[in-house]
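Have a look at the structure below before the remarks.
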Amino acid sequence: MSVALRNAQRSVLVRRAPLRRAVCALRAALGASRFDVGLVCAGNGLMRRLNGAYRQCPEPTDVLSFPFHRVAAGELPQPTCDDEYNLGDIFLGVEYIHQQCRATGEDFDSVLAVTAAHGLCHLLGYQHRTKREWQQMYQKEVEILEELNRLTGASLRPLTAGLF
């Protein structure tokens, strides 16, 4: 299945091919290759509006995930027809991420891949509201990023290290 990637901002140059390859590899590591996923690269304005509308926090953020299915953490959806082979949509706040990378000196493309991994985990029911949920999500992020690292030679780590 496919990764539909849309760049809905003009502030930051996004290298789409490496991002698409990373998301395809991460989706495979999750055992979800047969599911479609939408990926939107968004600026601060759109992220602020979405974050305000859906999380009552009108500030830009790095990632928002909108699952197509409601599943328990780690479970794959059980589609009943072809139209339901969809994980959902991930909005990457690329302008926000780019600003953070400039401040920290981190590699932008690497952080995009790690942020996409985080968003994919949310699409599959992982959360980080409690310490137990965070531990479960963190372990899954480590697992899928290790697979991406194996494929690419990178050394990516989850976003949520030290959250609790």
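No experiment lies behind these values; they were computed from the predicted model shown. Side-chain atoms are counted along with the backbone in the values below, which use heavy atoms only and exclude waters and symmetry mates.
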Under 3.5 Å, side-chain donor or acceptor atoms of residues 110-117 against the rest of the protein: list the pairs with distances, not counting sequence neighbours.
residue, atom, partner, partner atom, Å
Ser110, OG, Asp107, OD2, 2.8
Thr115, OG1, Val111, O, 2.7

Open item on the list: Going by salt bridge (Lys or Arg N to Asp or Glu O under 4.0 Å), name the residues that satisfy it together with Glu147, two or more places apart in sequence or in a different chain.
Closed with: Arg150

TODO: With the side chain counted from C-beta on, respond yes when His128 and His118 share a heavy-atom pair under 4.5 Å apart, and no when they do not.
DONE: yes

TODO: Report yes or no: do Tyr126 and Leu39 belong to one cluster of Ile/Leu/Val/Met/Phe/Trp/Tyr joined by side chain heavy-atom distances under 4.5 Å?
DONE: yes

Please tabulate, one pair per line, all N/O donor-acceptor pairs under 3.5 Å involving side-chain atoms of residues 8-21, not counting sequence neighbours.
residue, atom, partner, partner atom, Å
Gln9, OE1, Ser11, N, 2.9
Gln9, OE1, Val12, N, 2.8
Gln9, NE2, Asn7, OD1, 2.8
Gln9, NE2, Val12, O, 2.8
Arg15, NH1, Asp109, OD2, 2.7
Arg20, NH1, Val3, O, 2.4

- [ ] Locate the shortest heavy-atom distance separating Pro158 from Val142; write the atom from each residue and the value.
- [x] CG-CG2, 3.5 Å

Open item on the list: Please list all pairs meeting ring-ring contact (aromatic ring centres under 6.0 Å, His included) that have one or both residues in residues 16-51, counting only residues at least two apart or in different chains.
Closed with: Phe35-Tyr85

Task: Inter-residue atom distance Leu120.CG - Arg27.CZ, 0.5 Å rounding - done: 8.5 Å

Task: Listed partners of Glu106 passing salt bridge (Lys or Arg N to Asp or Glu O under 4.0 Å), at least two apart - done: none

Sequence neighbours excluded and cut-off under 3.5 Å, please list the side-chain donor-acceptor pairs for residues 52-61, or say none.
residue, atom, partner, partner atom, Å
Arg55, NH1, Asn51, OD1, 3.0
Gln56, NE2, Ala53, O, 3.3

Open item on the list: To check you understand the geometry: which heavy-atom pair defines the closest contact between Ala29 and Glu143, and what is its length?
Closed with: O-OE2, 4.5 Å

Open item on the list: Minimum heavy-atom separation for Val63 and Gly119, please, with both atom names.
Closed with: CG2-CA, 4.0 Å

TODO: Indicate, with yes or no, if Leu148 and Val23 share a hydrophobic cluster defined by side-chain heavy-atom contacts under 4.5 Å among Ile, Leu, Val, Met, Phe, Trp and Tyr.
DONE: yes

TODO: Mind checking the CE-OG1 spacing from Met137 to Thr130? Nearest 0.5 Å is all I need.
DONE: 12.0 Å

Task: Contact summary for Ala32 and Leu87, nearest pair of heavy atoms - done: CB-CD1, 4.0 Å

TODO: First locate atom CG of Asn86, then atom NE2 of His69, and finally report the distance between them rounded to the nearest 0.5 Å.
DONE: 6.5 Å

TODO: With sequence neighbours left out, write down each residue that passes side-chain contact (heavy atoms from CB on, under 4.5 Å) with Gln127, or none if nothing qualifies.
DONE: His122, Arg129, Glu133

Task: Remaining members of the apolar cluster that contains Val71, side-chain heavy atoms under 4.5 Å - done: none

TODO: Could you tell me which non-hydrogen atom of Lys140 sits nearest to which non-hydrogen atom of Cys121, and how far apart they are?
DONE: CG-SG, 3.8 Å

Scan the side chains in residues 73-83 for donor-acceptor partners under 3.5 Å anywhere in the protein, sequence neighbours excluded, and list what turns up.
residue, atom, partner, partner atom, Å
Gln78, NE2, Leu76, O, 3.2
Thr80, OG1, Glu84, OE1, 2.9
Thr80, OG1, Glu84, OE2, 3.3

Open item on the list: I need the full list of ring-ring contact (aromatic ring centres under 6.0 Å, His included) pairs touching residues 138-158, with sequence neighbours left out, sorted by first then second residue.
Closed with: Trp134-Tyr138

Show the atom names and distances, to 0.1 Å, of all donor-acceptor pairs under 3.5 Å that link a side chain in residues 89-101 to residues at least two apart or in another chain.
residue, atom, partner, partner atom, Å
Glu95, OE1, Asn44, N, 2.9
Gln99, OE1, Asn44, ND2, 3.3

Task: Results of side chain to side chain donor-acceptor pair (under 3.5 Å) for Asp36 - residues two or more places apart only - done: Ser2

Task: Hphob cluster co-occupancy, Leu30 + Phe66, side-chain heavy atoms under 4.5 angstrom - done: no

Task: Reported CG-to-CG distance for the pair Leu145 and Leu156, which is rounded to 0.5 angstrom - done: 6.0 Å

